[in-house]
Amino acid sequence: MPKKEAHAISHHILAASATLLGISFAIVSLIGAMGHAEKTLADEFALLSLSLFLGSCIFAYGSMRFRKPSARFGRISEALFIAGLVSLCLLSVLISFNVVR
């Protein structure tokens with residue numbers, strides 16, 4: 001991926017990752033507040049999503065901030081973002097079917 005393209009994508013990834021990071025944090029907080037943290041694995045899945053989105057935010061920012069490693073940081077940010085999306089989708093499917101216990 002060219003540096004200019006990595007820089008342009010990083011803006012979008014940073015914005016989306018920050019939003020989904022907040023959603024993941026809200027899910028972790030709600031599960032804990034409702035007292036289901038000990039009964040289910042949902043909070044662990046939500047923490048995984050939170051960690052992936054946090055890493056994506058950090059690498060997207062690094063891609064925009066530093067010129068030299070921006071393409072590599074952009075690829076890492078994109079991979080973490082996709083992994084976070086997959087984990088958040090799996091969490092929502094598992095919660096909706098009450099599989100996570």
Distance, nearest 0.5 Å, that separates CZ of Phe45 from CG of Leu50: 15.0 Å

Report yes or no: do Ser63 and Ser10 form a side-chain donor-acceptor pair below 3.5 Å? yes

Rounded to the nearest 0.5 Å, what separation is found between the CG atom of Leu48 and the CG atom of Leu90? 9.5 Å

May I ask you to decide if Ile13's main-chain N or O and Ser17's side chain share a donor-acceptor pair within less than 3.5 Å? yes

Specify the closest pair of heavy atoms between Leu52 and Ser87, including all atoms of both residues, with the distance to one decimal. CD1-OG, 3.9 Å

The reported gap from CG in Leu14 to CD1 in Ile9 (rounded to nearest 0.5 angstrom) is 13.5 Å

Taking all atoms of both residues into account, what is the closest heavy-atom pair of Ser24 and Ala46, and its distance? CB-O, 4.1 Å

Do Leu85 and Leu20 come within less than 4.5 Å of each other through their side chains, counting heavy atoms only? yes

About how many Å separate CG of Leu21 and OG of Ser49, when rounded to the nearest 0.5 Å? 10.5 Å

Which heavy-atom pair separates Leu80 from Phe59 by the least distance, and what is that distance? CD1-CD1, 3.7 Å

Just wondering, do Ile23 and Phe53 contact through their side chains at under 4.5 Å, heavy atoms? no

same_hphob_cluster(Phe81, Tyr61) at 4.5 Å side-chain heavy-atom cutoff: no

